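Everything numeric in this text was worked out from a predicted model, so none of it was measured. All heavy atoms count here, side chains included; hydrogens, waters and symmetry mates do not.
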Amino acid sequence: MRISPRRHAVRAAALITGLGLVLSGCSGGGGGDSTLTAPGPDVLEGLDEAVQVEFWHSMDATNGQVLDGLIEEFNAQNEGRIEVTGAFQGDYDTALANHRAAIQQGETAELIMIFDLGTQFMIDSGQTVPAQSFIDADGYDTEPIEDALLNYFTVDGELRSFPFNNSTPLMYINRDAFEEAGLDPDSPPTDLAEIREAAEELTVRDDDGTVVQYGFGAAVYGWFIEQFMARAGAPYCDNSNGRSGRATEVLFDDPKVVELVEWWQGMIDDELALQIGRNTDEAQAAFNSGRVAMTLESTGSLGGFIEQSDFEVGAGYYPLVSAGDPGGSIIGGASLWINGEGHSEQEVRASWEFVQFLLTPESQSKWHAGTGYLSVNTEGYNGPEAQERAEQFPQFSVAANQLADSEINENTAGCMMGVMAEARATAEEGWETALTSDTPAEEAMAAAADRLNTPIEEYNASVED
(Lines give C-alpha, C1' and ligand atoms only; values in the text may rest on other atoms or scores of the structure.)
Protein backbone atom coordinates (compact mmCIF):
# COMPACT_ATOMS: atom_id res chain seq x y z
CA MET A 1 0.00 0.00 0.00
CA ARG A 2 0.98 3.62 -0.46
CA ILE A 3 2.19 6.12 2.11
CA SER A 4 -0.13 9.10 2.00
CA PRO A 5 0.05 12.53 3.62
CA ARG A 6 -1.67 11.28 6.69
CA ARG A 7 -1.33 9.32 9.92
CA HIS A 8 1.94 11.03 10.73
CA ALA A 9 0.75 14.30 12.21
CA VAL A 10 0.99 13.41 15.90
CA ARG A 11 4.44 11.83 15.67
CA ALA A 12 5.68 14.47 13.28
CA ALA A 13 4.44 17.38 15.39
CA ALA A 14 7.11 17.13 18.04
CA LEU A 15 9.69 16.34 15.39
CA ILE A 16 9.03 19.42 13.29
CA THR A 17 8.99 21.67 16.34
CA GLY A 18 12.35 20.27 17.41
CA LEU A 19 13.79 20.58 13.95
CA GLY A 20 13.33 24.33 13.98
CA LEU A 21 15.31 24.68 17.16
CA VAL A 22 18.47 23.29 15.57
CA LEU A 23 18.27 25.09 12.24
CA SER A 24 20.54 27.92 13.30
CA GLY A 25 23.23 25.30 13.74
CA CYS A 26 22.55 23.80 10.33
CA SER A 27 22.72 26.86 8.14
CA GLY A 28 23.03 30.59 8.11
CA GLY A 29 19.36 31.20 8.79
CA GLY A 30 16.14 30.90 6.87
CA GLY A 31 16.19 30.05 3.20
CA GLY A 32 19.98 29.90 2.86
CA ASP A 33 19.77 27.55 -0.12
CA SER A 34 19.39 30.51 -2.47
CA THR A 35 23.18 30.55 -2.88
CA LEU A 36 23.22 26.98 -4.21
CA THR A 37 22.80 26.78 -7.96
CA ALA A 38 22.38 24.09 -10.59
CA PRO A 39 25.44 22.96 -12.57
CA GLY A 40 25.16 22.41 -16.31
CA PRO A 41 25.33 19.07 -18.16
CA ASP A 42 29.00 19.59 -19.01
CA VAL A 43 30.05 18.48 -15.51
CA LEU A 44 29.15 14.91 -16.47
CA GLU A 45 31.49 14.87 -19.47
CA GLY A 46 34.67 12.80 -19.44
CA LEU A 47 33.81 10.77 -16.37
CA ASP A 48 36.18 8.00 -15.26
CA GLU A 49 33.40 6.17 -13.43
CA ALA A 50 29.69 6.41 -12.79
CA VAL A 51 28.52 9.17 -10.45
CA GLN A 52 26.86 7.68 -7.38
CA VAL A 53 23.48 9.07 -6.29
CA GLU A 54 21.92 7.88 -3.04
CA PHE A 55 18.16 8.41 -3.02
CA TRP A 56 16.40 8.40 0.36
CA HIS A 57 12.69 7.67 0.10
CA SER A 58 9.66 6.41 2.02
CA MET A 59 8.24 3.94 -0.46
CA ASP A 60 7.93 0.32 0.68
CA ALA A 61 5.93 -2.74 -0.34
CA THR A 62 4.32 -2.36 -3.78
CA ASN A 63 5.25 1.30 -4.09
CA GLY A 64 8.84 0.48 -3.29
CA GLN A 65 8.90 -2.21 -5.94
CA VAL A 66 7.59 0.19 -8.57
CA LEU A 67 10.21 2.77 -7.58
CA ASP A 68 12.96 0.14 -7.65
CA GLY A 69 11.89 -0.76 -11.17
CA LEU A 70 12.24 2.85 -12.30
CA ILE A 71 15.66 3.10 -10.65
CA GLU A 72 16.81 -0.05 -12.43
CA GLU A 73 15.54 1.28 -15.75
CA PHE A 74 17.38 4.58 -15.29
CA ASN A 75 20.61 2.86 -14.27
CA ALA A 76 20.46 0.62 -17.33
CA GLN A 77 20.07 3.66 -19.57
CA ASN A 78 22.98 5.43 -17.84
CA GLU A 79 25.40 2.57 -17.28
CA GLY A 80 28.90 3.85 -16.59
CA ARG A 81 27.60 7.40 -16.22
CA ILE A 82 25.15 7.55 -13.28
CA GLU A 83 24.17 4.93 -10.74
CA VAL A 84 21.24 5.58 -8.40
CA THR A 85 20.82 3.57 -5.21
CA GLY A 86 17.47 3.72 -3.46
CA ALA A 87 17.47 3.65 0.34
CA PHE A 88 14.20 3.22 2.25
CA GLN A 89 14.17 5.49 5.31
CA GLY A 90 10.89 4.54 6.96
CA ASP A 91 7.72 6.62 6.88
CA TYR A 92 7.71 10.32 6.09
CA ASP A 93 8.46 11.73 9.52
CA THR A 94 11.15 9.10 10.17
CA ALA A 95 12.80 10.00 6.88
CA LEU A 96 12.78 13.67 7.86
CA ALA A 97 14.30 12.83 11.25
CA ASN A 98 17.02 10.83 9.51
CA HIS A 99 17.69 13.76 7.19
CA ARG A 100 17.98 16.11 10.14
CA ALA A 101 20.59 13.83 11.70
CA ALA A 102 22.42 13.62 8.39
CA ILE A 103 22.52 17.43 8.14
CA GLN A 104 24.09 17.65 11.59
CA GLN A 105 26.65 15.03 10.62
CA GLY A 106 27.35 16.59 7.23
CA GLU A 107 26.42 13.38 5.41
CA THR A 108 23.16 13.98 3.54
CA ALA A 109 22.01 11.83 0.65
CA GLU A 110 22.19 13.33 -2.81
CA LEU A 111 18.42 13.12 -3.29
CA ILE A 112 15.65 12.88 -0.72
CA MET A 113 11.88 12.51 -0.66
CA ILE A 114 10.23 14.78 1.94
CA PHE A 115 6.52 14.98 2.72
CA ASP A 116 4.53 18.17 2.21
CA LEU A 117 4.56 19.21 5.87
CA GLY A 118 8.36 19.38 5.84
CA THR A 119 8.58 21.94 3.04
CA GLN A 120 9.28 25.01 5.19
CA PHE A 121 11.93 23.16 7.17
CA MET A 122 13.66 22.02 3.99
CA ILE A 123 13.83 25.61 2.76
CA ASP A 124 15.05 26.87 6.13
CA SER A 125 17.74 24.19 6.39
CA GLY A 126 19.69 25.76 3.52
CA GLN A 127 20.92 22.41 2.19
CA THR A 128 19.19 22.06 -1.16
CA VAL A 129 19.48 23.49 -4.64
CA PRO A 130 16.11 25.10 -5.46
CA ALA A 131 14.23 23.25 -8.17
CA GLN A 132 13.85 26.58 -9.95
CA SER A 133 17.60 26.77 -10.44
CA PHE A 134 17.58 23.59 -12.52
CA ILE A 135 14.55 24.76 -14.49
CA ASP A 136 16.16 28.10 -15.30
CA ALA A 137 19.58 26.66 -16.11
CA ASP A 138 18.22 24.05 -18.53
CA GLY A 139 15.16 25.85 -19.81
CA TYR A 140 13.20 22.87 -18.51
CA ASP A 141 9.57 22.93 -19.62
CA THR A 142 7.18 22.65 -16.67
CA GLU A 143 4.08 23.08 -18.84
CA PRO A 144 3.07 19.39 -18.60
CA ILE A 145 3.42 19.39 -14.81
CA GLU A 146 0.11 19.69 -12.98
CA ASP A 147 -0.45 23.37 -12.06
CA ALA A 148 -1.86 22.60 -8.62
CA LEU A 149 1.29 20.68 -7.74
CA LEU A 150 3.59 23.44 -8.93
CA ASN A 151 1.47 25.88 -6.94
CA TYR A 152 2.04 24.06 -3.67
CA PHE A 153 5.82 23.75 -3.93
CA THR A 154 6.38 27.26 -5.29
CA VAL A 155 7.52 29.71 -2.60
CA ASP A 156 8.53 33.33 -3.20
CA GLY A 157 7.98 32.82 -6.90
CA GLU A 158 10.39 29.88 -7.16
CA LEU A 159 9.71 26.17 -7.37
CA ARG A 160 11.60 24.73 -4.40
CA SER A 161 11.23 20.99 -4.95
CA PHE A 162 9.91 18.61 -7.57
CA PRO A 163 6.42 17.08 -7.11
CA PHE A 164 6.51 13.30 -7.35
CA ASN A 165 4.32 11.13 -5.12
CA ASN A 166 1.24 13.26 -4.67
CA SER A 167 -2.45 12.75 -4.05
CA THR A 168 -5.66 14.66 -3.39
CA PRO A 169 -8.78 13.76 -1.36
CA LEU A 170 -12.16 12.71 -2.74
CA MET A 171 -15.60 11.85 -1.47
CA TYR A 172 -16.31 8.15 -1.89
CA ILE A 173 -19.80 6.71 -2.13
CA ASN A 174 -21.45 3.30 -2.00
CA ARG A 175 -23.16 3.29 -5.39
CA ASP A 176 -25.33 0.29 -4.47
CA ALA A 177 -26.61 2.09 -1.38
CA PHE A 178 -27.35 5.19 -3.43
CA GLU A 179 -29.44 3.22 -5.91
CA GLU A 180 -31.32 1.40 -3.16
CA ALA A 181 -32.13 4.78 -1.58
CA GLY A 182 -33.38 6.15 -4.90
CA LEU A 183 -30.42 8.54 -5.26
CA ASP A 184 -28.36 9.10 -8.39
CA PRO A 185 -24.84 7.71 -7.82
CA ASP A 186 -23.62 9.66 -10.84
CA SER A 187 -24.46 12.92 -9.06
CA PRO A 188 -22.98 12.62 -5.57
CA PRO A 189 -23.42 15.47 -3.07
CA THR A 190 -21.25 18.52 -3.62
CA ASP A 191 -21.53 20.36 -0.29
CA LEU A 192 -22.39 19.77 3.36
CA ALA A 193 -26.09 20.51 2.95
CA GLU A 194 -26.38 18.02 0.10
CA ILE A 195 -24.47 15.39 2.10
CA ARG A 196 -27.01 15.75 4.90
CA GLU A 197 -29.92 15.45 2.48
CA ALA A 198 -28.44 12.28 0.99
CA ALA A 199 -27.56 10.90 4.43
CA GLU A 200 -31.20 11.19 5.50
CA GLU A 201 -32.10 8.80 2.67
CA LEU A 202 -29.05 6.57 3.05
CA THR A 203 -29.25 5.96 6.80
CA VAL A 204 -30.84 2.57 7.44
CA ARG A 205 -32.25 1.26 10.75
CA ASP A 206 -33.28 -2.25 11.72
CA ASP A 207 -36.63 -3.17 13.27
CA ASP A 208 -35.37 -2.07 16.68
CA GLY A 209 -34.42 1.35 15.38
CA THR A 210 -30.69 0.65 15.57
CA VAL A 211 -28.68 2.20 12.75
CA VAL A 212 -27.12 -0.49 10.56
CA GLN A 213 -25.95 1.88 7.84
CA TYR A 214 -25.03 5.50 8.44
CA GLY A 215 -25.29 7.97 5.60
CA PHE A 216 -21.87 9.45 6.30
CA GLY A 217 -18.74 8.80 8.30
CA ALA A 218 -15.14 9.96 8.04
CA ALA A 219 -12.13 10.38 10.26
CA VAL A 220 -11.44 13.54 12.23
CA TYR A 221 -8.31 14.15 10.20
CA GLY A 222 -6.51 17.50 10.09
CA TRP A 223 -5.79 17.30 6.36
CA PHE A 224 -9.52 17.49 5.76
CA ILE A 225 -9.75 20.88 7.49
CA GLU A 226 -7.02 22.17 5.19
CA GLN A 227 -9.05 20.93 2.24
CA PHE A 228 -12.34 22.48 3.37
CA MET A 229 -10.60 25.82 3.96
CA ALA A 230 -8.92 25.78 0.56
CA ARG A 231 -12.18 24.97 -1.17
CA ALA A 232 -13.85 27.81 0.73
CA GLY A 233 -11.13 30.24 -0.32
CA ALA A 234 -9.94 30.71 3.26
CA PRO A 235 -6.24 30.86 4.25
CA TYR A 236 -5.06 28.37 6.85
CA CYS A 237 -2.47 30.73 8.32
CA ASP A 238 -1.73 34.45 8.12
CA ASN A 239 0.58 36.37 5.78
CA SER A 240 -1.06 34.88 2.68
CA ASN A 241 -0.74 31.34 3.95
CA GLY A 242 2.84 32.02 5.01
CA ARG A 243 3.85 32.93 1.47
CA SER A 244 4.20 36.71 1.75
CA GLY A 245 6.03 36.43 5.06
CA ARG A 246 6.52 33.93 7.85
CA ALA A 247 3.25 32.68 9.29
CA THR A 248 2.68 33.90 12.85
CA GLU A 249 -0.71 32.33 13.56
CA VAL A 250 -3.08 29.69 12.26
CA LEU A 251 -6.61 30.58 11.19
CA PHE A 252 -8.40 27.27 11.50
CA ASP A 253 -10.92 28.89 13.85
CA ASP A 254 -12.32 30.52 10.70
CA PRO A 255 -16.16 30.66 10.55
CA LYS A 256 -16.10 28.12 7.72
CA VAL A 257 -14.35 25.58 9.94
CA VAL A 258 -16.69 26.33 12.83
CA GLU A 259 -19.60 25.75 10.47
CA LEU A 260 -18.03 22.44 9.38
CA VAL A 261 -17.53 21.21 12.95
CA GLU A 262 -21.04 22.23 13.99
CA TRP A 263 -22.46 20.44 10.93
CA TRP A 264 -20.43 17.34 11.79
CA GLN A 265 -21.74 17.39 15.37
CA GLY A 266 -25.31 17.74 14.14
CA MET A 267 -24.89 14.78 11.82
CA ILE A 268 -23.66 12.62 14.70
CA ASP A 269 -26.36 13.83 17.09
CA ASP A 270 -29.07 13.01 14.53
CA GLU A 271 -27.55 9.56 13.87
CA LEU A 272 -26.88 10.38 10.24
CA ALA A 273 -23.10 10.07 10.67
CA LEU A 274 -21.00 7.52 12.51
CA GLN A 275 -18.69 9.00 15.13
CA ILE A 276 -15.32 7.55 14.21
CA GLY A 277 -12.70 9.77 15.79
CA ARG A 278 -9.18 10.34 14.49
CA ASN A 279 -8.39 6.79 13.37
CA THR A 280 -8.39 6.80 9.57
CA ASP A 281 -8.02 3.02 9.38
CA GLU A 282 -11.31 2.66 11.25
CA ALA A 283 -12.94 5.12 8.86
CA GLN A 284 -11.79 3.08 5.88
CA ALA A 285 -13.04 -0.12 7.47
CA ALA A 286 -16.43 1.48 8.14
CA PHE A 287 -16.80 2.32 4.46
CA ASN A 288 -15.47 -1.00 3.18
CA SER A 289 -17.92 -2.91 5.39
CA GLY A 290 -20.93 -0.85 4.31
CA ARG A 291 -21.30 0.69 7.76
CA VAL A 292 -21.25 4.17 6.17
CA ALA A 293 -22.41 5.03 2.67
CA MET A 294 -20.25 8.13 2.14
CA THR A 295 -16.77 8.95 3.35
CA LEU A 296 -13.79 11.22 2.71
CA GLU A 297 -10.37 9.83 1.84
CA SER A 298 -7.24 10.24 -0.26
CA THR A 299 -7.11 9.20 -3.91
CA GLY A 300 -4.62 6.60 -2.72
CA SER A 301 -7.46 4.69 -1.06
CA LEU A 302 -9.41 4.16 -4.28
CA GLY A 303 -7.78 0.88 -5.26
CA GLY A 304 -8.16 -0.54 -1.77
CA PHE A 305 -11.80 0.48 -1.54
CA ILE A 306 -12.57 -1.21 -4.85
CA GLU A 307 -10.69 -4.39 -3.93
CA GLN A 308 -12.04 -4.71 -0.38
CA SER A 309 -15.68 -3.66 -0.79
CA ASP A 310 -18.57 -5.92 -1.78
CA PHE A 311 -20.37 -3.00 -3.43
CA GLU A 312 -19.64 -0.74 -6.37
CA VAL A 313 -17.50 2.19 -5.28
CA GLY A 314 -18.13 5.65 -6.70
CA ALA A 315 -16.20 8.87 -6.30
CA GLY A 316 -17.03 12.56 -6.36
CA TYR A 317 -15.23 15.85 -5.86
CA TYR A 318 -14.25 16.66 -2.30
CA PRO A 319 -17.27 18.56 -0.92
CA LEU A 320 -17.59 22.29 -0.37
CA VAL A 321 -18.66 23.67 2.99
CA SER A 322 -21.47 25.53 1.24
CA ALA A 323 -22.69 25.99 -2.31
CA GLY A 324 -20.92 28.85 -4.04
CA ASP A 325 -17.54 28.32 -2.41
CA PRO A 326 -14.80 28.83 -5.02
CA GLY A 327 -13.40 25.30 -4.84
CA GLY A 328 -9.82 24.19 -5.19
CA SER A 329 -7.74 21.39 -3.77
CA ILE A 330 -4.56 21.14 -1.70
CA ILE A 331 -2.32 18.27 -2.64
CA GLY A 332 -0.70 15.83 -0.25
CA GLY A 333 2.20 13.45 -0.45
CA ALA A 334 5.84 14.30 -0.98
CA SER A 335 8.34 15.92 -3.31
CA LEU A 336 11.98 15.45 -4.31
CA TRP A 337 14.79 17.66 -3.01
CA ILE A 338 18.33 17.71 -4.42
CA ASN A 339 20.94 18.36 -1.76
CA GLY A 340 23.70 20.74 -2.77
CA GLU A 341 25.54 21.49 0.45
CA GLY A 342 28.44 19.05 0.78
CA HIS A 343 27.92 17.48 -2.65
CA SER A 344 29.93 17.73 -5.84
CA GLU A 345 28.61 19.35 -9.00
CA GLN A 346 28.63 15.92 -10.59
CA GLU A 347 26.41 14.48 -7.85
CA VAL A 348 24.01 17.40 -8.03
CA ARG A 349 23.73 17.17 -11.80
CA ALA A 350 23.36 13.40 -11.75
CA SER A 351 20.51 13.74 -9.24
CA TRP A 352 18.78 16.20 -11.56
CA GLU A 353 19.19 13.81 -14.50
CA PHE A 354 17.41 11.13 -12.47
CA VAL A 355 14.62 13.49 -11.40
CA GLN A 356 14.03 14.44 -15.03
CA PHE A 357 13.72 10.74 -15.84
CA LEU A 358 11.15 10.26 -13.08
CA LEU A 359 9.07 13.14 -14.42
CA THR A 360 8.87 11.90 -18.01
CA PRO A 361 5.45 10.81 -19.30
CA GLU A 362 6.78 7.26 -19.65
CA SER A 363 7.93 7.03 -16.04
CA GLN A 364 4.84 8.77 -14.70
CA SER A 365 2.55 6.38 -16.56
CA LYS A 366 4.24 3.45 -14.84
CA TRP A 367 4.34 5.23 -11.48
CA HIS A 368 0.67 6.22 -11.55
CA ALA A 369 -0.49 2.80 -12.71
CA GLY A 370 1.64 0.92 -10.22
CA THR A 371 0.96 3.03 -7.13
CA GLY A 372 -2.22 5.06 -7.56
CA TYR A 373 -0.44 8.36 -7.07
CA LEU A 374 -1.31 11.18 -9.44
CA SER A 375 0.66 11.46 -12.65
CA VAL A 376 2.71 14.58 -11.91
CA ASN A 377 3.29 14.94 -15.62
CA THR A 378 -0.23 15.12 -17.05
CA GLU A 379 1.00 13.53 -20.29
CA GLY A 380 1.64 10.40 -18.26
CA TYR A 381 -2.09 9.67 -18.23
CA ASN A 382 -1.81 8.91 -21.95
CA GLY A 383 0.77 6.17 -21.40
CA PRO A 384 -0.21 2.50 -21.90
CA GLU A 385 0.09 1.62 -18.22
CA ALA A 386 -2.01 4.59 -17.15
CA GLN A 387 -4.60 3.87 -19.84
CA GLU A 388 -4.93 0.32 -18.62
CA ARG A 389 -5.41 1.57 -15.07
CA ALA A 390 -8.05 4.03 -16.27
CA GLU A 391 -9.99 1.17 -17.80
CA GLN A 392 -9.73 -0.77 -14.54
CA PHE A 393 -10.47 2.19 -12.26
CA PRO A 394 -12.52 4.76 -14.23
CA GLN A 395 -13.33 6.45 -10.91
CA PHE A 396 -9.82 7.83 -10.81
CA SER A 397 -10.65 10.31 -13.56
CA VAL A 398 -12.57 12.21 -10.88
CA ALA A 399 -9.31 12.92 -9.06
CA ALA A 400 -7.53 14.12 -12.17
CA ASN A 401 -10.48 16.30 -13.14
CA GLN A 402 -10.80 17.78 -9.66
CA LEU A 403 -7.14 18.77 -9.66
CA ALA A 404 -7.37 20.21 -13.17
CA ASP A 405 -10.41 22.27 -12.12
CA SER A 406 -8.74 23.52 -8.94
CA GLU A 407 -8.42 27.24 -8.29
CA ILE A 408 -4.73 28.19 -8.37
CA ASN A 409 -4.08 30.75 -5.66
CA GLU A 410 -2.43 31.21 -2.27
CA ASN A 411 -5.26 29.41 -0.50
CA THR A 412 -4.99 26.26 -2.58
CA ALA A 413 -1.20 26.49 -2.35
CA GLY A 414 -1.54 25.58 1.31
CA CYS A 415 0.01 27.04 4.44
CA MET A 416 3.80 27.30 4.51
CA MET A 417 4.83 27.02 8.14
CA GLY A 418 7.63 25.36 10.07
CA VAL A 419 5.24 23.71 12.55
CA MET A 420 2.65 22.61 10.01
CA ALA A 421 2.64 19.04 11.30
CA GLU A 422 1.89 20.23 14.81
CA ALA A 423 -0.82 22.51 13.44
CA ARG A 424 -2.53 19.57 11.75
CA ALA A 425 -2.52 17.53 14.94
CA THR A 426 -3.75 20.47 17.03
CA ALA A 427 -6.60 21.14 14.61
CA GLU A 428 -7.66 17.54 15.06
CA GLU A 429 -7.59 17.97 18.83
CA GLY A 430 -9.85 21.02 18.70
CA TRP A 431 -12.23 19.33 16.29
CA GLU A 432 -12.44 16.19 18.42
CA THR A 433 -12.96 18.23 21.59
CA ALA A 434 -16.00 19.88 20.05
CA LEU A 435 -17.42 16.51 19.01
CA THR A 436 -16.87 14.72 22.32
CA SER A 437 -17.57 17.40 24.93
CA ASP A 438 -19.87 20.32 25.65
CA THR A 439 -17.28 22.78 24.36
CA PRO A 440 -18.78 24.85 21.51
CA ALA A 441 -17.05 24.43 18.15
CA GLU A 442 -16.00 28.07 17.98
CA GLU A 443 -14.40 27.91 21.43
CA ALA A 444 -12.69 24.57 20.80
CA MET A 445 -11.14 25.64 17.50
CA ALA A 446 -10.07 29.04 18.87
CA ALA A 447 -8.38 27.40 21.86
CA ALA A 448 -6.60 24.96 19.56
CA ALA A 449 -5.36 27.80 17.37
CA ASP A 450 -4.11 29.70 20.41
CA ARG A 451 -2.10 26.69 21.60
CA LEU A 452 0.05 26.97 18.49
CA ASN A 453 1.21 30.53 19.15
CA THR A 454 4.21 29.51 21.26
CA PRO A 455 5.45 26.72 18.93
CA ILE A 456 5.17 29.07 15.95
CA GLU A 457 7.07 31.82 17.78
CA GLU A 458 9.79 29.42 18.88
CA TYR A 459 10.25 27.98 15.40
CA ASN A 460 10.36 31.40 13.74
CA ALA A 461 12.86 32.68 16.30
CA SER A 462 15.10 29.69 15.64
CA VAL A 463 15.42 30.49 11.94
CA GLU A 464 15.80 34.24 12.07
CA ASP A 465 19.15 35.61 10.98
Side-chain angles (χ1 to χ4, degrees), residues 5 8-34 36 56-58 89-109 111-131 152-156 158-164 222-223 226 236-237 239 241-243 245-248 250 330-342 413-426 452 454-465:
H8 306 293
V10 174
R11 291 173 53 202
L15 166 66
I16 296 293
T17 303
L19 287 174
L21 303 181
V22 300
L23 276 175
S24 59
C26 298
S27 67
D33 58 358
S34 60
L36 298 172
W56 284 11
H57 63 80
S58 294
Q89 297 297 306
D91 61 17
Y92 287 144
D93 44 300
T94 301
L96 184 54
N98 291 345
H99 181 57
R100 169 201 172 185
I103 291 174
Q104 294 173 319
Q105 296 165 7
E107 297 179 352
T108 59
L111 180 65
I112 183 166
M113 174 188 292
I114 295 293
F115 70 153
D116 53 345
L117 301 189
T119 299
Q120 185 65 63
F121 167 77
M122 291 298 291
I123 294 172
D124 292 334
S125 70
Q127 300 292 306
T128 63
V129 181
Y152 187 94
F153 295 108
T154 296
V155 181
D156 293 333
E158 291 190 341
L159 186 67
R160 305 310 294 250
S161 59
F162 296 98
F164 179 59
W223 189 41
E226 296 161 42
Y236 188 90
C237 57
N239 290 328
N241 254 344
R243 292 170 183 271
R246 285 201 179 274
T248 63
V250 291
I330 294 178
I331 60 91
S335 61
L336 306 179
W337 300 77
I338 297 174
N339 282 308
E341 188 70 30
C415 173
M416 193 61 52
M417 184 170 59
V419 295
M420 191 60 205
E422 186 162 358
R424 183 174 289 179
T426 305
L452 280 168
T454 296
I456 293 172
E457 290 173 3
E458 290 178 345
Y459 181 92
N460 288 349
S462 74
V463 296
E464 289 177 354
D465 290 330

With sequence neighbours excluded, residues passing ring pair (Phe, Tyr, Trp, His ring centres under 6.0 Å) with H99: none
Sequence-distant partners of F164, ring pair (Phe, Tyr, Trp, His ring centres under 6.0 Å), two or more places apart: W367
Test side chain to side chain contact (heavy atoms under 4.5 Å, CB included) applied to Q89 - qualifying residues, sequence neighbours left out: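 By the side chain to side chain contact (heavy atoms under 4.5 Å, CB included) rule, Q89 matches W56, A87, A95, N98.
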Residue list, side chain to side chain contact (heavy atoms under 4.5 Å, CB included) with S161, at least two apart or on another chain: F153, S335, W337
Check for a donor-acceptor pair, side chain of [X] on one end and backbone N or O of [Y] on the other, with a separation under 3.5 Å.
X	Y	answer
R243	T154	yes
S58	G90	yes
D116	G332	no

Could you measure the distance from the [atom1] atom of [X] to the [atom2] atom of [Y]? Nearest 0.5 Å is fine.
X	Y	atom1	atom2	answer
L36	T128	CG	OG1	7.0 Å
L452	Y459	CG	OH	14.5 Å
S462	D124	OG	CG	7.5 Å
N239	M417	CG	CE	11.5 Å
I114	H57	CD1	NE2	12.5 Å
T426	R424	OG1	CZ	12.0 Å

Any side-chain heavy atom of [X] within less than 4.5 Å of one from [Y]?
X	Y	value
M420	Y236	yes
Q127	I112	no
V463	Q120	no
D91	F115	no
I103	S125	yes
E422	I456	no

Under the side-chain hydrogen bond (donor to acceptor under 3.5 Å, both in side chains) test, residues paired with T248 that sit two or more places apart: D238
side-chain hydrogen bond (donor to acceptor under 3.5 Å, both in side chains) against T108, all qualifying residues, sequence neighbours excluded: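 Applying side-chain hydrogen bond (donor to acceptor under 3.5 Å, both in side chains) to T108 gives H343.
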Taking every non-hydrogen atom, the tightest pair across A413 and Y152: O-CD1, 2.8 Å
Which atom of I330 lies closest to which atom of W223, heavy atoms considered: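 Shortest heavy-atom separation between I330 and W223 comes out as O-CZ2, 4.1 Å.
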L117 and Y92: CA distance, side-chain angles, deciding distance, side chain to side chain contact (heavy atoms under 4.5 Å, CB included) verdict: CA-CA 9 Å; L117 301 189; Y92 287 144; over 6 Å; no
